[in-house]
Amino acid sequence: MPRIRTAGVIATTSALALALSGCSVLTAFEPHVSAEIFDTAKDMKAANTSVFGSPSFVPDDATVIRIDYDTQDGSAIMTYTSKAHLAPNTCTKATTPPKPTIQDSWWPVDGIPPQVGDCGKGWTVFAIGDQVWAAKAATK
């Protein structure tokens, strides 16, 4: 009978170890990209935007603002519709566009200009027509 008890203890210990290690494995695969959608710039400005870098360049006439942001590295992508494109006196320098680490179906694959606006705090921005896209570099 001692062999049966030993086998039972080993099986129970193995199952417990697997279950506990499974928790840490699952944590590694937790999604760390969150998304927000705001109807208007007023709605976005009323929200806690510090979690995705408080983009101050979004103009007051912006609508349908979509933001995906990485809670681990601080990167983000954003799009919105606006006739003004940018808030006054923002994004006055030019830079080369970064390749965002976050991807979404609404992020353009083609047509990104060779120079984009540098908005500070890691944000870059470009417009095609009245649709504006912005990307924020990782900060962590």
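Below, each value reflects all heavy atoms present in this structure, side chains not excepted, and no hydrogens, waters or symmetry copies.
For residues 71-89, every residue pair satisfying the salt bridge (charged side-chain N to carboxylate O under 4.0 Å, His left out) rule, not counting sequence neighbours, is listed here: K83-D130. Applying the side chain to side chain donor-acceptor pair (under 3.5 Å) test to pairs two or more places apart or on separate chains, those with a residue in residues 44-62 are K45-D60, N48-S50, T49-S54, D61-S82. The list of disulfide bond (SG atoms under 2.5 Å apart) pairs with a residue in residues 56-89, not counting sequence neighbours, is empty.
If you take CG on D104 and OG1 on T79, they are separated by 10.0 Å, rounding to the nearest 0.5 Å. The CD1 atom of I77 sits 11.0 Å away from the CG atom of D70 when rounded to the nearest 0.5 Å. Note that CZ of R66 is 12.0 Å distant from CD of E36, once rounded to the nearest 0.5 Å.
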Exercise for review: Check step by step if side-chain contact (heavy atoms from CB on, under 4.5 Å) holds for M78 and W133.
Suggested key: CA-CA 6 Å; M78 174 171 51; W133 288 274; over 6 Å; no
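Legend: residues meeting side chain to side chain donor-acceptor pair (under 3.5 Å) with W107, ordered by chain and number and at least two apart, are absent. Residues passing the side chain to side chain donor-acceptor pair (under 3.5 Å) test with T139: none are found, sequence neighbours excluded. Remark: D39 pairs with no residue by the side chain to side chain donor-acceptor pair (under 3.5 Å) rule, at least two apart or across chains. The side-chain contact (heavy atoms from CB on, under 4.5 Å) test applied to T63 returns T81, not counting sequence neighbours. In this structure Y80 satisfies the ring-ring contact (aromatic ring centres under 6.0 Å, His included) test with no other residue, sequence neighbours excluded. With sequence neighbours left out, T71 forms a side chain to side chain donor-acceptor pair (under 3.5 Å) with no residue at all. Residues forming a ring-ring contact (aromatic ring centres under 6.0 Å, His included) with Y69 (at least two apart in sequence, or on another chain): F52.
F57 and M44 fall within a single hydrophobic cluster, where Ile, Leu, Val, Met, Phe, Trp and Tyr side chains are chained together by heavy-atom contacts under 4.5 Å. Cluster membership for F38 and W106, using ILVMFWY side-chain heavy atoms within less than 4.5 angstrom, is not shared.
K136 contributes a side-chain N or O that, together with a main-chain N or O of G74, makes up a donor-acceptor pair within less than 3.5 Å.
The minimum heavy-atom distance between K140 and Q72, with the atom names listed, is CD-O, 3.0 Å.
The side-chain heavy atoms of D110 and I112, taken from C-beta on, include no pair separated by under 4.5 Å.
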Distance-only donor-acceptor pairs under 3.5 Å for side chains of residues 86-102, two or more places apart:
{"from": "T90", "atom 1": "OG1", "to": "A87", "atom 2": "O", "distance (Å)": "2.7"}
{"from": "T101", "atom 1": "OG1", "to": "S75", "atom 2": "OG", "distance (Å)": "3.3"}

Return a table of donor-acceptor pairs under 3.5 angstrom between the side chains of residues 119-127 and protein atoms on other chains or two or more places apart.
{"from": "W123", "atom 1": "NE1", "to": "G53", "atom 2": "O", "distance (Å)": "3.4"}
{"from": "T124", "atom 1": "OG1", "to": "A135", "atom 2": "O", "distance (Å)": "3.4"}

